[in-house]
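Bear in mind that the values here come from a model prediction, so they are computed numbers and not experimental data. Numbered from 1 within each chain, the chains take letters A, B, ... in sequence-line order.
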Number of protein chains: 2
Amino acid sequence: MSRQGLSSVSSSKLADFVSVNPWQIRKDFSYFGDFGTRGVGYDIENLAKQIKKILKLDTTRKTALVGVGNLGSAIMAYTGFGTYGFQITAAFDNDPAKIGRKMNDVAVENISMLDTLGKRQVDMAIIAVPEQAAQDVADALVRAGVKGILNFSPRRIVVPKKIKVITIDIATDLARLPYYIP
Amino acid sequence: MSRQGLSSVSSSKLADFVSVNPWQIRKDFSYFGDFGTRGVGYDIENLAKQIKKILKLDTTRKTALVGVGNLGSAIMAYTGFGTYGFQITAAFDNDPAKIGRKMNDVAVENISMLDTLGKRQVDMAIIAVPEQAAQDVADALVRAGVKGILNFSPRRIVVPKKIKVITIDIATDLARLPYYIP
DNA sequence: TAGTGCTTGTGAACACAATCACAAAGTCAT
DNA sequence: ATGACTTTGTGATTGTGTTCACAAGCACTA
Ligand SMILES: NC(=O)c1ccc[n+]([C@@H]2O[C@H](COP(=O)([O-])OP(=O)(O)OC[C@H]3O[C@@H](n4cnc5c(N)ncnc54)[C@H](O)[C@@H]3O)[C@@H](O)[C@H]2O)c1
Ligand SMILES: NC(=O)c1ccc[n+]([C@@H]2O[C@H](COP(=O)([O-])OP(=O)(O)OC[C@H]3O[C@@H](n4cnc5c(N)ncnc54)[C@H](O)[C@@H]3O)[C@@H](O)[C@H]2O)c1
């Protein structure tokens, strides 16, 4: 909306957009503060800024990728992370054939260099290695000071409580579809 | 557990495994029927069968892939869909250079062949095309009789109410991490 | 068969989230 | 300045899902 030159938006416009009720929008916003102006609506620029602040998306963050295989290569090629201020600034693999290859200005490093992440201010990582290796990689990432992990392997990985792990299992997501198919 | 030769399991074992309370497990199961035996627990084989039935995962299903680019190639190479009885039996692209290429015994077809899916008993599809093309592809899939769509493009796609769409936006999932990082 | 030890299944109590209805606060035209 | 019109913010209400506590049921032993 900001890009379209609009300056303010009402709760019912927002509600239509995400298919919920206007009062749900207003109630949710009100838990965090008074963002709107009565009779007018919400200032788009300011609203976006406030939401980014609440979700801690108001700073750019460096992210590492571990495992540059089929999925890892796709992720390295993906440009959509910039939307939220993320940069993939490091990639690691244990396959000598892949180490040194460059994609999107990032060179693939040897997995043994993982412990340099702390010094490089990288605090998030994406795991895209075979599931047998996932736990070992997670342990190494935690030792390197990473605070958040996006895990694509279909395996529960165990980390200290302070570390947040989000697991995406594409097969499980696909498995949600049949329930809705007659 | 079945593979490990175990025959029955208690609600508290299951609860530990997925990090919830035992009574939550029992309550949820009880909404669908009496699966367990008091004093013993749940028969693993039967429990798995019942859950598969509830989630409609008790039949094998054919799935089509549209868009054999970076992400699409990774998905075609992925073997994890078999767990839930899914088979990727068709793949489509509009790039002549990709049409005809074979991966995992599936040949990439011209996107114009999409309307043959109905006759081939394919009722689910995965969209992995650029976001500008996502809506057009979705429309074509619906016309071809597909009932469920897994959408990887970061775009809201509009379909008839009868059709179920699940959208996975990897960047948005990654964007959930900073909130938990101090 | 009676007793002991487990584990399930579930009504009741509770906590939380969604919904409603409306006062408060702004805009705009006259 | 006033009145008509919008739109927000929120206490009160309703609805839904989670948690609790315990009776009911089964296995095993003697
Ligand atoms: N491909 C998909 O569409 C898909 C979908 C869902 C989940 N996954 C999961 O994502 C993960 C990766 O899938 P993929 O298809 O890219 O596999 P892949 O085999 O193509 O890639 C794995 C990469 O990890 C590297 N690797 C292996 N062990 C390593 C280690 N100890 N340290 C560093 N690097 C190591 C390999 O050299 C390889 O480059 C798997 O766990 C898979 O189950 C993949
Ligand atoms: N690569 C990632 O890691 C990643 C992550 C999240 C989301 N996505 C999304 O997934 C989608 C695909 O990403 P990608 O990186 O594989 O892109 P890509 O450009 O590598 O692949 C897109 C493929 O779709 C084909 N295509 C284009 N228009 C088509 C049409 N009308 N009909 C049929 N095929 C068509 C192209 O020929 C190409 O092979 C994009 O929407 C992207 O935003 C990708």
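Side-chain contact of A:T116 with A:R120: a donor-acceptor pair under 3.5 Å is present, judged by distance alone.
For DNA chain D, the neighbouring residues in residues 11-23 of chain B, judged by any heavy atom under 4.0 Å, are B:N21, B:W23. Of the residues in residues 24-31 of chain B, those lying under 4.0 Å from DNA chain C by heavy-atom distance are B:R26, B:K27, B:S30.
Distance check, rounded to the nearest 0.5 Å: CG of B:D43 to OG of B:S2 gives 9.0 Å. Interatomic distance, B:Q121 CD to B:R61 CZ, rounded to the nearest 0.5 Å: 11.5 Å. Between the CE atom of B:M124 and the CG atom of A:L174 there is a distance of 4.0 Å, given to the nearest 0.5 Å. Between A:M103 atom CE and A:I88 atom CD1 the span is 10.0 Å, to the nearest 0.5 Å. In this structure, A:F152 CZ and A:L65 CG are separated by 9.5 Å, a value rounded to the nearest 0.5 Å.
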*Summary of protein contacts for nucleotides 25-30 of chain D, nucleotide by nucleotide, where a base hit scores B, a sugar-phosphate-only hit scores S (4.0 Å, heavy atoms)*: BBS---

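The two residues B:F86 and A:A171 have their closest heavy-atom pair at CE1-O, 4.1 Å.
Hydrophobic cluster of A:V142: the remaining members, joined at side-chain heavy-atom separations below 4.5 Å, are A:V66, A:F92, A:I111, A:M113, A:L114, A:L117, A:V122, A:I127, A:V129, A:V137, A:L141, A:V146, A:I149, A:I157, A:V159, A:I163, A:V165, listed by chain and number.
Taking the side chain to side chain donor-acceptor pair (under 3.5 Å) definition, one finds that B:N94 meets it with nothing, sequence neighbours left out.
In this structure, B:F32 places its CZ atom 14 Å from P of C:dG9, rounding to the nearest Å. In this structure, the CG atom of B:L47 is 16 Å from the P atom of C:dT7, given to the nearest Å.
Within the 4.5 Å cutoff, the side chain of B:K49 has no heavy atoms near those of the B:F35 side chain. You'll find the side chain of B:I51 reaches within 4.5 Å of the side chain of B:L47, heavy atoms only.
A side-chain contact (heavy atoms from CB on, under 4.5 Å) with B:S11 is found for exactly one of B:D16, B:V20, B:I25, namely B:I25.
In DNA chain C, stems built from 3 or more consecutive Watson-Crick or G-U wobble pairs, each with both distances under 3.5 Å, span C:1-30 with D:1-30.
B:K56 NZ: more than 12 foreign heavy atoms inside a 6.0 Å radius.
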